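To start, the structure itself, in structure tokens.
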Amino acid sequence: MNRRAFIEMISGLAGTTFLAAQMPWFTVFTNPSGAGMSASDRVRVGFIGVGSRGQTLMLNVQEFQARMNIDIVAVCDTWPEHKERAVAMINGQAEGFLDYREMLDKVQMDAVIIATPLHEHAQMTIDAMQMGIHVFVEKAMARTLDDTKAMYDAHIDSGKIMLVGHQRLFSPVYIKALEMINNGELGKITKLRGWWTRNTPWIFYDVPGGRGSALDRQRNWRLYWDYSAGQITELGSHHFQLANWVLDSEPLSVMGSGSLNYHTDGREVYDNYSLVFTYPNGVHFTYDLLDSNRHNGVGFQVLGNEGTMQLEANRHFAETPPRPPAIRTLIHNIEKSIFETIPIGGATWIPAEAVKYGGNYISPDYQLNETLLFLEGFIEFVRKGEAPPKLTEEGYNASTWSLLADEASREGTILTLPEKYKIKPCQA
Amino acid sequence: MAHVAHTSFYAMGTRCNIVLPGFDDDAADAVFRHVQNEIARIEGKLSRFHDGSDIFSINKYAVSQPVETDNEIFEVINSCCRYHQITQGYFDITLRPILEYWKEHPQAEKNEIDEILARTGTSNIELNPENRVISFKNEHLDIDLGGFGKGYALEKVHQMLTRFGIKSAFITMGESSVLTVGHHPAGDHWKVGIKNYLNADEAVHTFQMRDGSVSTSSNFYPDDDGTLINHRHVINPQTGYPIDELVSATVYSHSARDAEALSTAILAMPEEHIQQLVNHFSDIVVLKVDYTDNQINKKVWEYEATSVSH
């Protein structure tokens with residue numbers, strides 16, 4: 001899909017209640033801020049955390065930096081080599097910092113993009129917004145429910161934008177998929193299934209001292225409870241967001257179980273989980289995480305009585321192909337003991353849309369980079385000074401339910417969201 | 001009211017339907033799953049599009065080195081070679097390069113087509129039955145079982161249904177291939193009508209069938225207004241040219257495989273050969289309908305015991 005086709009698709013949906021209710025943020029592409037290329041319209045962006053994910057985000061911003069009149073004014077990472085790599089990426093045009101507070105104090109900026117270990121998100125995000133800076137923070141939001149709620153409250157109190165990096169929210173595939181689901185093409189949705197399976201030790205850095213050492217806890221922070229809920233916050237949270245979005249609701253409760261049964265190298269976080277989220281109307285979302293087998297890859301299925309969508313694979317399967325009229329007549333005649341000729345034989349029936357072995361494509365085009373679109377959207381929202389509340393709420397709900405899933409599977413209990421973490425649902 | 005179990009699914013690029021009179025849904029479900037799995041298995045072996053299929057491998061490697069096959073694939077290719085001989089070359093699984101050439105060069109010259117035609121032909125496939133090895137005599141060969149696969153699948157399905165003890169069934173693949181088992185619950189056979197493309201509610205011909213198949217090949221499709229359009233995907237293997245007339249050929253046989261292969265061959269075959277072919281097989285009936293100029297020109301050939309000649 002090229003950009004024009006993407007814009008046309010959104011234009012085609014403009015004004016529909018579907019777009020307004022479920023994905024109002026897409027109109028930023030058809031109704032941009034109108035800012036020009038003058039120095040006064042320039043958006044000044046800083047980065048906190050430029051490791052593997054932060055570097056990717058930076059590359060994305062650089063892709064549209066000139067076109068969208070953006071200055072990358074500062075970068076920060078506690079690891080000197082990351083900081084220096086990031087400064088080199090922008091040819092020394094920005095100042096590098098080891099301490100984010102120093103960066104926020106010293107450099108004037110409009111927005112900051114945060115991609116640091118999970119447990120560090122909250123303080124950085126809150127500090128930035130309280131200083132009047134808009135924030136894009138990687139998912140999940142925080143390590144604790146209290147931190148997550150504090151971030152949300154700071155966002156409301158400061159009036160600053162806070163978006164959480166669930167990039168599927170900006171994927172054209174999901175626009176099309178949600179539209180089809182809304183149109184009833186799957187019939188009644190009765191179940192969601194998802195899985196994220198890999199066969200990986202998930203070690204980002206080899207460090208002297210190995211697993212459990214102080215250095216490993218810092219660098220491979222995803223493996224330790226204090227800093228991460230492992231696969232749940234780092235991977236599953238994307239799909240928890242998706243489930244909420246598809247069903248247009250938060251879960252009512254979550255239960256689950258997990259264990260370390262393969263990667264027994266001294267890490268703390270589980271290497272496998274089975275989770276069940278319960279939604280209104282008796283719909284369940286079952287979810288598997290596994291780090292010791294990748295046969296099933298990554299999947300997310302929406303199941304209805306009339307069809308199945310495999311959203312990660314961009315595929316749609318009708319529960320049954322259309323029944324030819326002659327077969328309907330034949331069945332009727334057999335039932336009524338009518339013995340007549342039925343004209344049926346003829347040229348081979350060819351489906352109007354080519355039916356692939358693996359089902360139809362939901363959206364024939366798939367190639368747009370949704371991370372880039374999300375960051376573009378963020379910059380446009382920064383220019384406008386606000387973003388649709390639902391976009392922030394999607395991130396909040398995915399984060400709270402990730403943390404509840406973590407807690408439920410470690411304690412073996414069924415959990416609901418405590419009253420104090422509920423946010424007032426905002427209309428879009 | 002008699003209960004009728006039914007299922008439909010996609011396979012081999014089209015829709016498939018199975019009707020099982022007298023079955024409840026639970027009992028039918030096991031049968032349906034077996035049939036669907038069997039058709040998927042065959043498609044996985046015969047499709048030229050699946051890069052894991054046997055035919056895909058043969059097309060890719062048989063020109064540079066002999067390809068060893070399993071019993072089933074060897075039998076399938078061997079069977080196609082036999083149809084090629086029996087039909088005097090009108091059944092040919094190697095015409096794909098000509099078709100592709102026409103697609104890219106709608107105004108192709110005769111000498112260009114002759115050149116490609118000289119390199120194609122099922123006789124350029126070499127079979128060694130001792131070690132079930134297949135090789136191509138030149139690099140232009142490309143096996144396409146599009147005019148064979150559905151019939152082969154229905155033959156296997158027929159055997160499977162027999163093993164399940166099923167006495168009555170009606171199965172279609174894309175409606176161009178129809179398999180009947182036993183008879184209609186209210187009659188002693190199945191009445192299978194062949195569509196009249198000038199009048200959709202009518203049958204241009206009815207086959208009265210017990211345990212048999214009808215397969216229809218045609219070189220046209222009706223557009224949204226019902227006008228018949230020659231899709232030019234049917235090549236006369238003798239000339240290398242698409243067939244100009246708007247024709248459909250239907251073959252009834254006890255063997256789904258025969259019905260499928262022969263209907264494809266008969267589409268281009270001159271009429272004088274058709275009677276010979278019918279007499280050779282003795283249990284087939286051939287229907288050919290020419291729709292050119294919105295006229296129906298219909299002919300039926302049946303076995304003539306007295307006029308057998310080879």
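Throughout, protein chains are lettered first and strands after them, A, B, ... in sequence-line order, and every chain is numbered starting at 1. Keep in mind that what you see is a predicted model, and the values were worked out from it rather than measured.
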Is B/E175 close to A/P324 at the side-chain level, that is, under 4.5 Å between some pair of heavy atoms? yes
Got a sec, which residues hit side-chain hydrogen bond (donor to acceptor under 3.5 Å, both in side chains) with B/K45, two or more places apart in sequence or on another chain? B/D70
Which donor-acceptor pairs under 3.5 Å do the side chains of residues 26-36 of chain B make with protein atoms, sequence neighbours left out?
| from | atom 1 | to | atom 2 | distance (Å) |
| --- | --- | --- | --- | --- |
| B/H34 | ND1 | B/A30 | O | 2.9 |

B/H205 versus chain A, heavy atoms under 4.5 Å apart: side chain, backbone, both or neither? neither
Counting only non-hydrogen atoms closer than 4.5 Å, does B/Q208 touch chain A with its backbone (N, CA, C, O), its side chain (CB onward), both, or neither? neither
When the ring centroid of B/H183 is compared with that of A/F339, is the distance short of 6.0 Å? no
Counting heavy-atom pairs under 4.5 Å to chain A, which of B/A203, B/A186, B/S8 comes out on top? B/S8
Which portion of B/D201 sits near chain A, non-hydrogen atoms under 4.5 angstrom: backbone
Nearest-0.5 Å distance, CD1 of residue A/I331 to NE2 of residue B/H6: 4.5 Å
Evaluation steps, side chain to side chain contact (heavy atoms under 4.5 Å, CB included), between B/F170 and A/I344: CA-CA 11 Å; B/F170 191 98; A/I344 182 164; 3.9 Å; yes
Winner by heavy-atom pair count (cut-off under 4.5 Å) against chain B, out of A/N333, A/T348, A/L330: A/T348
From B/K191 NZ over to A/I342 CD1, what is the distance, rounded to the nearest 0.5 angstrom? 11.0 Å
Check whether A/I334 gets within reach of chain B through its side chain, its backbone, both or neither, counting any heavy atom under 4.5 Å. both
